[in-house]
Amino acid sequence: MAKPAMTRKNKPKSDAAEDRDFALHSLQEAHQQSPRYAATADEMLTFYEQMLLIRRFEEKAGQLYGLGLIGGFCHLYIGQEAVAVGLQSALSEGLDSVITGYRDHGHMLAYGIDPDVIMAELTGRQAGISHGKGGSMHMFSTQHKFYGGHGIVGAQVALGGGLALAHKYREDGGLCLAYFGDGAANQGQVYETFNMASLWQLPIVFVVENNQYAMGTAVRRSSAETEFYRRGTAFRIPGMKVNGMDVLEVRGAAEVAFKHVREGNGPVLIECSTYRYRGHSMSDPAKYRTREEVQDVREHKDPIEGLKKVLIEQGRAEDDLKAIDKAIRARVAQAADFAENSPQPDRQELYTDVLVGEY
Amino acid sequence: MSIELKMPALSPTMEEGTLARWLKQEGDAIGIGDVIAEIETDKATMEFEAIDEGTLGKILVAEGAEGVKVGTVIALLATDGEDDSTTAVRAEPVEAAPAAESSVAPIEAPVKQVAKPASQAVTDPAIPAGTGFTSTPVREALRDAMAEEMRRDDRVFVMGEEVAEYQGAYKVTQGLLEEFGPKRVIDTPITEYGFAGIGTGAAMGGLRPVVEFMTFNFAMQAIDHIINSAAKTNYMSGGQMRCPVVFRGPNGAASRVGAQHSQNYGPWYAAVPGLIVIAPYDSADAKGLMKAAIRSDDPVVFLENELVYGRSFDVPDVDDYVLPIGKARIVRAGSDVTIVSYSIGVGFALDAAQQLAEQGIDAEVIDLRTLRPLDKQAILDSLAKTNRLVIAEEGWPTCSIASEVMAICMEEGFDHLDAPVLRVCDEDVPLPYAANLEKLALIDAARIVAAVRRVCYAD
Ligand SMILES: Cc1ncc(C[n+]2csc(CCOP(=O)(O)OP(=O)(O)O)c2C)c(N)n1
Ligand SMILES: [Mg+2]
């Protein structure tokens with residue numbers, strides 16, 4: 001690899017200290033000055049539809065799991081919808097890449113990937129996006145530059161660093177958006193990646209989806225530093241703390257962060273404070289938090305209800321929004337139907353795709 | 001319109017459950033997110049939440065009903081029209097619901113029946129005649145072993161993800177925090193490499209850590225410490241520095257959890273000099289070998305199996321039940337052919353032996369129990385008796401325990417062989433998620449029966 005491309009931009013020595021402080025705080029300051037993205041009416045409606053699609057899709061997935069049509073682990077994204085929708089709406093389609101962990105249905109839907117093929121993957125059918133061979137935790141769409149869907153906590157962060165390296169190497173102007181959880185944020189490879197990403201000024205936005213829990217472990221029980229956005233400081237990665245329950249704030253933060261990265265300044269670390277309403281996976285007895293805590297977030301911070309309020313304030317008729325919900329429910333019911341009635345993979349699929357070549 | 005509320009599947013392995021309690025009564029208004037009932041699964045008590053709003057109609061399954069099959073309609077929910085969200089779901093219950101009151105036998109039952117005659121056939125010599133037995137699930141046998149060793153030796157402590165407050169992701173450490181407190185039952189962050197190193201270092205420093213990996217798939221993050229730090233220290237230090245650590249957790253395929261969560265690491269660790277590798281099948285072995293593992297002065301990799309955790313087997317009522325490491329066990333005596341297996345494979349092998357008996361073939365089943373050091377003599381003795389051998393392993397065939405056993409038979413048992421040794425392993429592919437493909441990929445009794453018939457030239 002050509003060395004000059006990988007070395008840090010030389011900055012004047014004299015004001016290095018000030019410059020460092022400036023870089024580390026400037027994005028957060030810029031975001032705080034006007035946190036909410038000034039969305040057009042159309043954009044706002046699209047955000048609403050996308051979040052609602054994720055919500056209804058996940059509710060349906062939960063039902064299908066209960067009926068035994070979906071097996072194994074199934075991690076729902078309910079409550080966190082604003083994060084994927086806010087961030088991914090700011091990506092350049094066909095250019096930027098996205099990678100995440102096993103809680104991945106929402107990120108795929110935020111991309112506009114056909115709910116039918118996602119649901120059919122959940123039911124393990126031939127028509128599924130991985131032909132039924134991946135399942136809930138392992139879904140990919142190279143067409144959309146969505147690189148998964150990874151079951152090993154933290155692995156996607158280093159892989160995201162690699163995707164960013166490829167963007168930089170090819171000089172294609174793209175960036176990588178790498179999502180991980182508050183629990184994943186404690187894995188060592190995350191920090192190895194931070195260091196290299198900053199050292200090599202890779203075009204990557206690290207996103208901690210801080211939903212307050214890693215399985216049954218509340219953030220304060222696993223993390224010495226619970227302000228995750230600060231964790232890049234030692235690697236000179238600017239951090240931003242964002243209200244992940246407000247899609248407009250998330251989108252606003254994306255505008256600031258993506259600009260910084262696209263201008264060749266290296267990585268940004270965004271912490272989105274969010275919340276998952278459901279258990280960690282379908283088999284989580286959820287004894288580690290009270291029902292009141294969950295209900296309180298649902299009632300006061302719900303990202304979809306929040307945006308609904310804004311839409312109504314702006315003059316949208318409640319009936320219009322009801323009609324949207326109805327259409328989305330119908331769309332999701334159709335996806336469930338498709339997923340239930342598609343055939344299982346052909347038994348020959350068992351042996352395909354193990355290797356690319358024949359030897 | 002009214003929506004059918006069905007008995008939900010609440011875990012990957014749940015087939016039926018107990019309807020512990022109705023929290024809403026007929027006629028109650030139900031909001032989204034309200035808890036309608038409490039359901040006991042194979043692992044835990046779970047809350048059954050409403051996903052639609054309406055009024056609770058008829059309750060069809062009474063409180064306290066056990067063995068309610070997943071998919072059984074348990075109540076009706078009246079909604080006010082509009083909502084078409086549930087009508088599209090037409091899945092029929094997996095099986096017709098039995099009358100709710102007639103409690104169905106637990107799923108463990110058939111397994112137990114298979115295991116029973118075997119343990120009668122060959123009594124472990126260490127158990128005095130007249131000893132009583134208690135039927136115990138494997139997960140409890142493991143927990144009991146850890147608890148007993150923790151009471152006996154205050155250097156023993158447990159660490160891992162969700163082992164304390166959550167009571168273990170698979171409930172193997174249930175109750176330990178309560179008895180031993182947070183100093184000895186330690187929740188770690190999700191940092192396998194780090195805490196495997198800390199566990200190894202603590203062992204070097206004189207403690208006796210039991211390090212739980214939530215599953216062994218995640219131990220790949222930590223394998224450097226298991227192999228480079230734990231396994232080699234005693235040798236490199238000329239015997240000065242011990243590393244008495246136990247790495248334990250579920251290993252092998254679970255149920256529909258896909259390629260990254262379904263692998264058998266038995267052959268990986270068994271390839272490493274300096275490690276002890278144990279992979280028990282039933283509760284008594286799990287208990288006796290876990291106690292031995294904790295007492296061992298060597299680093300032990302202790303491979304459990306999630307699908308076996310809930311099965312119950314007899315454990316002898318002996319005060320301090322410790323089994324020898326490195327000894328296989330004949331779990332069913334036979335004269336025509338030997339089936340060698342370990343871990344969950346033993347269950348399949350016993351099933352196969354039963355079927356073969358009906359076909360007039362008398363199979364001996366050997367449970368290896370320890371994969372390193374491997375009990376060669378037990379294999380060779382059985383081979384000398386039956387002259388035919390099949391090895392069944394829930395894992396990939398290439399460079400496996402199966403290939404190792406075959407090599408031993410070639411090198412040291414050749415004169416006793418009347419037929420080539422055959423192996424029955426999983427298909428040589430990453431494990432797929434789809435139900436039908438997963439079934440095709442994994443070993444089962446039918447494949448063992450077929451292989452045995454081949455080595456017996458029965459077809
Ligand atoms: C290396 C590794 N260790 C453990 C696990 C088991 N596991 C799966 S998800 C999870 C919790 C992760 O929590 P977090 O990173 O906060 O993400 P969230 O589930 O909240 O989205 C754990 C422990 C795993 N999949 N991989
Ligand atoms: Mg989390």
Side-chain angles (χ1 to χ4, degrees), chain A residues 56 59-60 62-69 71-73 124-125 128 130-138 150-154 183-184 186-188 214-217 221-223 277 282-283 285-288 291 294-295 298 326 329-330 332-334 336-337 340 344-345 347 349-351 354, chain B residues 6-12 14 33 35 41 43-47 49 51 70-71 82-91 93-94 161-162 165-166 169 187-194 217-218 220-221 254-261 427-430 432-438 440-441:
Chain A
R56 298 288 175 244
E59 286 170 353
K60 180 64 76 182
Q63 288 176 344
L64 296 190
Y65 192 96
L67 294 170
L69 284 162
F73 292 132
R125 306 304 166 100
S130 301
H131 305 315
K133 287 153 79 168
S136 166
M137 299 190 285
H138 311 116
H150 295 269
I152 301 302
V153 166
N186 292 319
Q187 285 284 33
M215 247 167 154
T217 304
R221 293 207 300 116
S222 67
S223 297
Y277 295 178
M282 294 301 295
S283 45
K287 296 281 185 253
Y288 45 84
R291 298 197 53 74
V294 183
Q295 214 51 37
R298 273 190 181 176
K326 195 163 181 213
R329 281 176 186 272
V332 167
Q334 181 198 319
D337 245 3
E340 191 185 335
Q344 292 195 315
R347 53 190 300 145
E349 276 292 349
L350 187 57
Y351 307 101
V354 178
Chain B
K6 292 179 180 168
M7 186 69 170
L10 296 166
S11 83
M14 175 174 169
V35 181
T41 72
K43 281 197 270 193
T45 304
M46 307 269 298
E47 293 174 336
E49 278 183 19
I51 4 183
V70 165
E82 276 256 42
D83 183 353
D84 55 359
S85 67
T86 38
T87 47
V89 182
R90 287 175 284 92
V94 189
E161 292 160 21
E162 309 287 5
E165 292 196 13
Y166 198 81
D187 276 325
T188 64
I190 309 170
T191 16
E192 288 84 3
Y193 189 29
N217 302 287
F218 315 139
M220 274 204 282
Q221 305 279 318
S255 174
R256 309 275 317 272
V257 292
Q260 291 185 325
H261 282 69
E427 290 299 302
D428 201 11
V429 298
Y433 164 75
N436 65 328
L437 297 184
E438 187 187 67
L440 286 170

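Sequence lines set the chain letters: A, B, ... in the order given, protein chains first and strands last, and positions in each chain run from 1.
B:E438 places a side-chain N or O within donor-acceptor distance of the main-chain N or O of B:R256, the cut-off being under 3.5 Å. A donor-acceptor pair under 3.5 Å is formed between the side chain of A:R221 and the backbone N or O of A:G216.
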Checklist entry - Between B:F218 and B:H261, is a side chain to side chain contact (heavy atoms under 4.5 Å, CB included) present by the stated rule, with each step listed? => result CA-CA 8 Å; B:F218 315 139; B:H261 282 69; 3.4 Å; yes
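For B:E49, the part sitting under 4.5 Å from any heavy atom of chain A is the side chain, from C-beta outward, and nothing else. Heavy-atom distances place both the backbone and the side chain of B:E192 under 4.5 Å from chain A. Neither the backbone nor the side chain of A:R56 comes within less than 4.5 Å of any heavy atom of chain B. At a 4.5 Å heavy-atom cutoff, the contact between B:T191 and chain A is made by backbone and side-chain atoms alike. A:M215 touches chain B through backbone and side chain together, each having a heavy atom under 4.5 Å away. With a 4.5 angstrom heavy-atom cutoff, A:Y288 touches chain B only via side-chain atoms. For B:D187, the part lying near chain A is the side chain, with the backbone staying farther off; criterion is any non-hydrogen pair under 4.5 Å. Within the 4.5 angstrom heavy-atom criterion, only backbone atoms of B:M7 (N, CA, C, O) approach chain A. Heavy-atom distances place both the backbone and the side chain of B:A441 under 4.5 Å from chain A. Looking at B:A169, the atoms closer than 4.5 Å to chain A (heavy atoms on both sides) all sit in the side chain, from C-beta outward.
Proximity of B:E427 to B:L440: side-chain heavy atoms (C-beta onward) are nowhere separated by under 4.5 Å. Contact check for B:Y166 versus A:T217: no side-chain heavy atoms found under the 4.5 Å cut-off. A:S283 is not listed as a side-chain neighbour of B:T41, based on a closest heavy-atom distance of 4.5 Å or more.
Here A:Q187 is the residue among A:R347, A:Q187, A:K133, A:R125 with the most heavy-atom pairs under 4.5 Å with chain B. Among B:E165, B:E162, B:M220, the residue making the largest number of heavy-atom pairs under 4.5 Å with chain A is B:E162. Most heavy-atom pairs under 4.5 Å with chain A, from the set B:P432, B:A9, B:G258: that is B:A9. Per-residue counts of heavy-atom pairs under 4.5 Å with chain B were compared for A:V354, A:L350, A:V153, A:V294; the largest is that of A:L350.
Going from atom CD of A:Q344 over to atom CG of B:L437 covers 7.5 Å, rounded to the nearest 0.5 Å.
Aromatic rings from B:Y433 and A:H138 are positioned such that their centres are separated by 6.0 Å or more.
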